[in-house]
Amino acid sequence: MSLTLKIDVRPPRSKLVIEKSSFDDDKSRHRKNVEEHHFNHMVELFIPGCAELPPSVQAEFDRCDDYYLIKNVPLTELINKDFIENFVKKGSLYMLSHNTHIDKHNAYAVLPTGQLILSVHKDTYEELGLVGQPSQFNRKVKRKFVVEVDLTQDIFVPGKKNYERVKQGFQRTKLKADFLLSWKPEGTRQLAGSILSHFQGSYECERHSQAQQTSRHTDLLLPVVHSTELEEGEDGQWCSAREWYEWLGAVSCGISCNEAPEHYISRYSCPDPNELTAAAVRHSTTGFIAPGNVCTLQEAVRSYMRDNKSTCPWAALTAHGFVDSPVSWARREHGFHHGGENLYTFLIFRDSNYWLFQAVGTNDICP
């Protein structure tokens, strides 16, 4: 049975949801959490007890798919019948407008479920003439609106009233943007790169690989945690989930946690109780990362942790969402506010238990 602990962390006002479960539990939602977080710009893995990343895990980082940047694409292109039939309906398509700030610009996304999401300002919304909803984050002043277009509907075809209304709105507003794009075709008949043939010749297209980076730690203090207990142990037997999460954030930011706290100096230290590990490795990949790649990374880490040769007490896998994505999880509206954070961390234990941390800012619905 899964247990959920909800914590509202301040300041700044953020929402942090912590769950514990087991990968072996039939009701575990670990895969759903990964698959519904559509747009990831960085995935990082932290493994204590290792001086180097395990080869099996490194291989999955190396297999992360390339992605594409398609420039100056009008929204009318996204409702092109051939585009919908060949790519939206025949694979998992991820598209996100590039260099658009969710709090200042119009922003767009195509989800693998076939929804086209438009986050637009009031003037644009009125000119579009489409039905949408005021942004949940400024309902009183109604400065921004969210419009959803289901590209997979059987009635969304040229000649039908709904299609023609959307087409006329896009033509009238002449909306366009640069898009980051990743596509995973169904089956094996098509290659992921074949989607470029649809855009090449008409638009400037760039192919990009994920950028990897490794950092190593020596003689690092680790908080002691218990895989089935989110709260701090009686008599300080182990640390709480929140203490561990704050520590991981400090380590990821390059803050030294081995120093003892002092009375007159503000200094972060590893929570008690803790233990010393001789080595730890942090490896990250940055770009436009589809959830499928995160799933295979997660499975590789789990397999490594199950290996009897593994001496690591746990491994932490974190995926960071784009700060200016119109959505966080699934179709939940995302806003920037202080920092646009939307990320999750899996703390993976050797006994197949895990903790899941989901963090979003003020302008988000709690996951």
Side-chain angles (χ1 to χ4, degrees), residues 29 31-40 65 67-68 70 73-98 100 106-120 125 128-133 145-173 175-177 179-199 202-203 288-295 321-322 325-334 365:
R29 66 188 197 109
R31 190 170 187 87
K32 182 180 179 181
N33 177 86
V34 174
E35 291 177 342
E36 290 189 344
H37 196 259
H38 302 302
F39 304 111
N40 307 287
D65 299 323
Y67 62 99
Y68 307 95
I70 317 297
V73 179
L75 294 196
T76 51
E77 189 66 59
L78 305 184
I79 59 171
N80 177 291
K81 181 182 178 182
D82 290 339
F83 179 74
I84 293 174
E85 292 297 326
N86 294 329
F87 303 109
V88 176
K89 292 184 178 181
K90 293 184 179 179
S92 298
L93 177 66
Y94 303 85
M95 294 186 70
L96 181 65
S97 56
H98 182 54
T100 52
N106 296 326
Y108 322 107
V110 178
L111 310 186
T113 51
Q115 279 78 31
L116 168 60
I117 308 294
L118 314 175
S119 175
V120 296
Y125 177 71
L128 273 171
L130 303 178
V131 177
Q133 296 294 330
F145 289 77
V146 178
V147 178
E148 292 189 14
V149 180
D150 189 347
L151 303 177
T152 63
Q153 280 188 316
D154 292 337
I155 60 172
F156 193 73
V157 292
K160 295 292 184 179
K161 190 176 296 184
N162 184 31
Y163 181 94
E164 294 302 326
R165 185 184 300 116
V166 172
K167 181 180 178 181
Q168 290 168 13
F170 288 175
Q171 289 175 335
R172 186 164 52 245
T173 54
L175 296 176
K176 58 179 61 178
F179 281 93
L180 295 171
L181 180 153
S182 175
W183 181 62
K184 189 72 172 179
E186 290 180 348
T188 58
R189 292 188 177 183
Q190 288 181 288
L191 298 175
S194 64
I195 195 171
L196 278 188
S197 62
H198 181 84
F199 294 101
S202 300
Y203 308 99
F288 188 63
I289 307 160
N293 292 137
V294 184
C295 285
F322 283 82
S325 169
V327 295
S328 55
W329 272 269
R331 290 153 61 189
R332 295 186 181 94
E333 186 184 356
H334 173 61
I365 298 175

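Side chains included, hydrogens not; waters and symmetry mates left out as well; all remaining heavy atoms used.
Looking at heavy atoms from C-beta onward, Ile70 lies in side-chain contact with Leu196 at the 4.5 angstrom threshold. Side chains of Leu181 and Leu93 form a contact here, defined as non-hydrogen atoms less than 4.5 Å apart. At a threshold of 4.5 Å between non-hydrogen side-chain atoms, the residues Met95 and Val73 do not count as touching. At a threshold of 4.5 Å between non-hydrogen side-chain atoms, the residues Asn86 and His198 do not count as touching. In this structure, the side chains of Leu75 and Leu118 come closer than 4.5 Å at one or more pairs of heavy atoms. Counting heavy atoms from C-beta on, the side chains of Pro326 and His334 never come closer than 4.5 Å.
Here the closest heavy-atom approach between residue Glu333 and residue Ser328 is recorded as O-OG, 4.5 Å. Heavy-atom minimum distance, Leu111 versus Ala330: CD1-O, 3.9 Å. Closest heavy-atom contact between Lys89 and Glu186: O-OE2, 3.9 Å. Shortest non-hydrogen contact noted between Ser97 and Thr100 is OG-OG1, 2.7 Å. Closest approach of Thr76 to Gln171, counting heavy atoms only: CG2-CG, 3.9 Å. Of all the heavy atoms in Ile195 and Phe83, the pair that sits closest is CD1-CE1, 4.3 Å.
Taking CD1 of Ile79 as the reference point, atom CG of Leu116 lies at 8.5 Å (rounded to 0.5 Å). Rounding to the nearest 0.5 Å gives a distance of 9.5 Å between CG of Asn40 and CG of Asn293. To the nearest 0.5 Å, atoms NZ (Lys176) and CG (Asn106) are separated by 14.0 Å. Atom CZ of Arg165 is separated from atom NZ of Lys160 by 13.5 Å, given to the nearest 0.5 angstrom. The line from CG of Asn80 to CG of Leu151 is 11.0 Å long, rounded to the nearest 0.5 Å. For the atom pair Leu96 CG and Ser182 OG, the distance stands at 11.5 Å (nearest 0.5 Å).
Proximity of the aromatic rings of Phe288 and Tyr68 is defined here by a centroid distance below 6.0 angstrom, and this criterion is not met.
Between Phe87 and Trp183, the two ring planes are perpendicular [angle over 60°; tilted spans 30° to 60°]. Ring planes of Tyr94 and His38: tilted class, angle from 30 to 60°. Between Phe179 and Tyr108, the two ring planes are tilted [angle within 30° to 60°].
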### Task
I would like to know whether Phe156 and Asp150 meet side-chain contact (heavy atoms from CB on, under 4.5 Å); could you show each step before the answer?
CA-CA 8 Å; Phe156 193 73; Asp150 189 347; over 6 Å; no
### Message
Quick one, Arg332 with Val327, criterion side-chain contact (heavy atoms from CB on, under 4.5 Å). Give me CA distance, side-chain angles, the key distance, then yes/no.
### Response
CA-CA 5 Å; Arg332 295 186 181 94; Val327 295; 5.9 Å; no
### Task
Determine, step by step, whether Leu128 and Phe145 satisfy the side-chain contact (heavy atoms from CB on, under 4.5 Å) criterion, reporting the C-alpha distance in whole Å, the side-chain angles of both residues, the deciding distance to 0.1 Å, and the verdict.
CA-CA 11 Å; Leu128 273 171; Phe145 289 77; over 6 Å; no
### Task
Report the C-alpha distance between Phe199 and Glu77 in whole Å, list the side-chain angles of each, state the deciding distance to 0.1 Å, and finish with yes or no for side-chain contact (heavy atoms from CB on, under 4.5 Å).
CA-CA 9 Å; Phe199 294 101; Glu77 189 66 59; 4.0 Å; yes
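Using a cut-off of 4.0 Å between Lys/Arg side-chain N and Asp/Glu carboxylate O, Lys81 and Glu85 are scored as not salt-bridged.
Between the side chain of Asn33 and the backbone N or O of Arg29, no donor-acceptor pair lies under 3.5 Å.
The number of heavy atoms from other shown groups lying within 6.0 Å of CZ (Arg31) does not exceed 12.
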